Amino acid sequence: MRIASFNINGTKARLPRLLEWLEETRPAVACLQEIKCPDDVFPAEEFEKLGYKAIWHGQKSFNGVAILADGEAPVEVLRGLPGDEEDEQARYLEADVKGLRVANLYLPNGNPQPGPKFDYKLAWMERLHQRMQELMAREVPTVVLGDYNVAPDDKDVWSPRAMAQDAVFRPESRDAYRRLLNEGWTDAIDTLNPRGGVWTFWDYQAGCWPRDLGIRIDHLLLSPEAADRLVAAGVDKAHRGREKASDHAPVWVELAG
DNA sequence: ATGGCTTTAAAATAAAGA
């Protein structure tokens with residue numbers, strides 16, 4: 001059973017690429033980030049035609065997340081990350097689907113840093129830590145996946161020097177990510193590719209894609225009950241090279257059962 | 001190169017991304 005995550009950078013601009021990716025890779029569950037549309041224009045019927053039922057949490061212009069499942073409707077558990085009544089940004093959606101708890105997130109980018117956006121990112125990561133502790137305590141198979149906007153280690157960026165001032169690579173961001181993992185989560189792609197050099201994002205600028213200058217910021221974190229079923233994990237890298245591609249490639253994990 | 005692209009919203013530029 002394949003569980004996938006894809007920052008699509010705009011539903012409207014990406015729809016043909018997104019539909020062909022679903023048809024070609026047929027994930028059981030597909031979590032999308034940056035749908036960048038209000039709830040009333042999300043093209044759910046296009047996914048229905050391919051046999052996917054969806055729930056989504058959008059907003060105008062920016063952010064937005066969705067969970068698609070092959071042949072069954074995800075049962076929504078949480079819309080929005082708890083812990084801040086003032087937070088209006090659509091970045092978190094949690095559901096029960098295919099016998100798993102699935103939490104789909106679009107973590108704040110945090111640039112420029114330092115500044116209020118970076119403060120928001122770090123506060124958001126503390127709230128996520130709280131929620132992931134609750135999820136861990138349930139002791140059921142759980143996958144917390146999405147665009148974390150954190151490159152955890154030197155081996156996860158094409159150039160640590162070039163990335164040094166970027167919010168996705170600051171020590172504060174990496175420390176916060178490590179604190180999440182320390183609760184007992186398994187970073188699926190890192191576990192199966194311990195030497196690093198696996199990218200999930202290539203900037204549109206400066207020829208980063210043709211030169212393969214990327215970073216790894218999209219992650220799939222497995223609770224112990226899900227990690228016991230880990231078979232494979234990977235990146236659909238070729239999809240980054242297509243016409244009108246997102247700047248992220250899809251990432252996925254294969255679970256037994 | 002505090003941006004070399006791309007998307008969104010909206011009607012020319014501006015914000016956001018990472």
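A note on names: the letters A, B, ... follow the listed sequences, proteins ahead of strands, and every chain is numbered from 1. If you're wondering where the values come from, they're calculated on a predicted model, not measured in any experiment.
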Suppose you measure atom C1' in dA1(B) against the same atom in dT7(B); what distance do you get, rounded to whole Å? 22 Å

Base, sugar-phosphate or nothing for D147(A)? Non-hydrogen atoms, less than 4.0 Å. sugar-phosphate

Member of V97(A), L145(A), D70(A) meeting the side chain to side chain contact (heavy atoms under 4.5 Å, CB included) criterion with V29(A): V97(A)

Under 4.5 Å between side-chain heavy atoms, counting indirect links through other Ile/Leu/Val/Met/Phe/Trp/Tyr residues: same cluster for I67(A) and V77(A) or not? no

Start and end of the DNA chain B segment that chain A contacts, any atom under 4.0 Å from a heavy atom: dG3(B) to dA18(B)

Sorted by first residue and then second, give each ring-ring contact (aromatic ring centres under 6.0 Å, His included) pair with at least one member in residues 36-59 of chain A; sequence neighbours left out. F42(A)-F47(A), F42(A)-W56(A)

If the threshold is 4.0 Å, N to carboxylate O, is there a salt bridge linking R26(A) and E23(A)? no

Base, sugar-phosphate or nothing for K121(A)? Non-hydrogen atoms, less than 4.0 Å. nothing

Considering only the C1' atoms, how many Å lie between dA15(B) and dA10(B), rounded to the nearest integer? 13 Å

Answer with base, sugar-phosphate or nothing: what part of the nucleic acid does F118(A) contact at a heavy-atom distance below 4.0 Å? nothing

Between A245(A) and F62(A), name the one whose nearest nucleotide on DNA chain B is closer to the 5' end. A245(A)

D247(A) near the nucleic acid: base, sugar-phosphate alone, or nothing, with a heavy-atom cut-off under 4.0 Å? nothing

Ion pair check, D236(A) and R242(A), cut-off under 4.0 Å: no

Determine the contact category for F201(A): base if any of its heavy atoms lies under 4.0 Å from a base atom, sugar-phosphate if only primed atoms, P, OP1 or OP2 are that close, otherwise nothing. sugar-phosphate

Is the distance from the ring center of H239(A) to that of F6(A) below 6.0 Å? no

Nearest-angstrom distance, C1' atom, dA12(B) to dA18(B): 26 Å

Need one value for N9(A): base, sugar-phosphate or nothing, where a base atom within 4.0 Å counts as base even if backbone is also close, heavy atoms only. sugar-phosphate

Partner of H248(A) by ring pair (Phe, Tyr, Trp, His ring centres under 6.0 Å), out of F201(A), W199(A), Y106(A): F201(A)

Of R211(A) and P108(A), the one whose nearest nucleotide on DNA chain B sits closer to the 5' end is R211(A)

Indicate, with a heavy-atom threshold strictly under 4.0 Å, whether D218(A) touches base, sugar-phosphate, or nothing. nothing

Between dG3(B) and dG17(B), how many Å separate the two C1' atoms, rounded to a whole number? 13 Å

Please give the distance between the C1' atoms of dA9(B) and dG4(B) as a whole number of Å. 24 Å

